[in-house]
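Accompanying notes for the structure given below.
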Amino acid sequence: MTQYGFYFDSTRCTGCKTCTLACKDKKDLPTNLVYRKVFDYEGGMWEQGANGTYQTTAFMYHLSLACNHCENPACLENCPTGSISKDEATGAVISGAEETCIGCGTCVQVCPYGVPAVNPDTEKSVKCDMCIDLVAAGKQPICVESCPLRALEFGPVEELRAAHPDAVDGIAPMPAGTETVPAIVIATCPAAKMPGDTEGFVANEWEVAAN
Ligand code: SF4
Ligand code: SF4
Ligand code: SF4
């Protein structure tokens, strides 16, 4: 199996959320669901020095995140009904099998990145499926296609890692120390904080919590 994944360039992303809306449109999602979220992360302050001048530690940046299609997916390993699978060809993690998913929300609780949701209308687990239909047709996921800043790339994750050797597999507000091996490659902007950071906060918490 070739594990595919996303590359996200935080030096390019303007937080426009075109990726979120293109995905929502393709997937025809209801108002209370999104599969790709853009986190606005910020922090710092202004401080007056002894000579009366002000200095700032203020920072902000954006993080566009969907399912990381992990190599060791906690969602798949903990689903009590075996309703989450990993695609043989791409490594895409697919949730909510129509026949067996009981909407218990275990995947929602165990995913370190807060990715899956239970669709209140269908009571099935839902999340990003890597646009597996487009990928099978030799195309790019719609979020990648739609980004006006070309901040997203998609491909075999080892190729993405090789093409971006300075990239990392997480920045705040992603959590530190997960064992799921996320198939994501992130270029860090100068303001970027590492996973588990406590200096900053998610400024659009109300928006990304709407899921
Ligand atoms: S990011 Fe979460 S939902 Fe996606 S594969 Fe990893 S553990 Fe599962
Ligand atoms: S790959 Fe497709 S389903 Fe996943 S976030 Fe991108 S547009 Fe949405
Ligand atoms: S479309 Fe591109 S620039 Fe806009 S929020 Fe998404 S990743 Fe960032």
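Along the sequence shown, residues are numbered consecutively beginning with 1. Counting starts at 1 for both ligands and their atoms, following the listed order. FYI, side chains are in, hydrogens and waters are out, and symmetry mates aren't considered; it's all heavy atoms of this structure.
Close approach of ligand 3 to Thr18 is summarised as follows: ligand atoms under 4.0 Å from at least one heavy atom of the residue are 1 (S). Using a 4.0 Å cut-off to heavy atoms of Val38, the atoms of ligand 3 that qualify are 5 (S). Remark: ligand 3 atoms within the under-4.0 Å shell around heavy atoms of Thr14 are 3 (S). Residue-ligand proximity, Pro148 to ligand 3, at heavy-atom distances under 4.0 Å covers atoms 1 (S). Every atom of ligand 3 with a heavy atom of Lys17 under 4.0 Å away is listed here by number and element: 4 (Fe), 5 (S).
No side-chain heavy atom of Cys147 sits under 4.5 Å from any side-chain heavy atom of Thr18. The side-chain heavy atoms of Ser64 and Cys19, taken from C-beta on, include a pair separated by under 4.5 Å. Thr180 is not listed as a side-chain neighbour of Glu71, based on a closest heavy-atom distance of 4.5 Å or more.
The nearest protein atom to atom 8 (Fe) of ligand 2, hydrogens excluded, is given as Cys23 SG, 2.3 Å; this is a heavy-atom distance. The single protein non-hydrogen atom nearest to atom 6 (Fe) of ligand 2 is Cys143 SG, 2.4 Å, given as residue, atom name and distance. Nearest non-hydrogen protein atom to atom 7 (S) of ligand 2 is Ile142 CG2, 3.0 Å. The protein heavy-atom contact nearest to atom 4 (Fe) of ligand 2 is Cys128 SG, 2.3 Å.
With a 4.0 Å heavy-atom cut-off, ligand 3 is reached by the side chain of Ser64 but not by its N, CA, C or O.
Lys124 places no side-chain N or O within 3.5 Å of a backbone atom of Gly96 that could act as its donor or acceptor partner. Between the side chain of Asp197 and the backbone N or O of Met174 there is no donor-acceptor pair closer than 3.5 Å. Under a 3.5 Å cut-off, the side chain of Thr20 and the backbone N or O of Arg36 do form a donor-acceptor pair.
Under a 4.0 angstrom heavy-atom cut-off, Lys27 registers as being in contact with ligand 2. Distances from ligand 2 to the non-hydrogen atoms of Phe154 include no value under 4.0 Å.
Note that Lys27 lies outside the cation-pi zone of Tyr35, set by a 6.0 Å cut-off to the ring centre and a 45° limit from the axis.
Connection of Phe6 to Ile142 is not established within any shared hydrophobic cluster, with ILVMFWY side chains joined at heavy-atom distances below 4.5 Å, either directly or through further cluster members.
Atom 8 (Fe) of ligand 3 has no N, O or S atom of Cys16 closer than 2.8 Å. Using a cut-off of 2.8 Å, one finds that Cys131 contributes no N/O/S atom close to atom 8 (Fe) of ligand 2.
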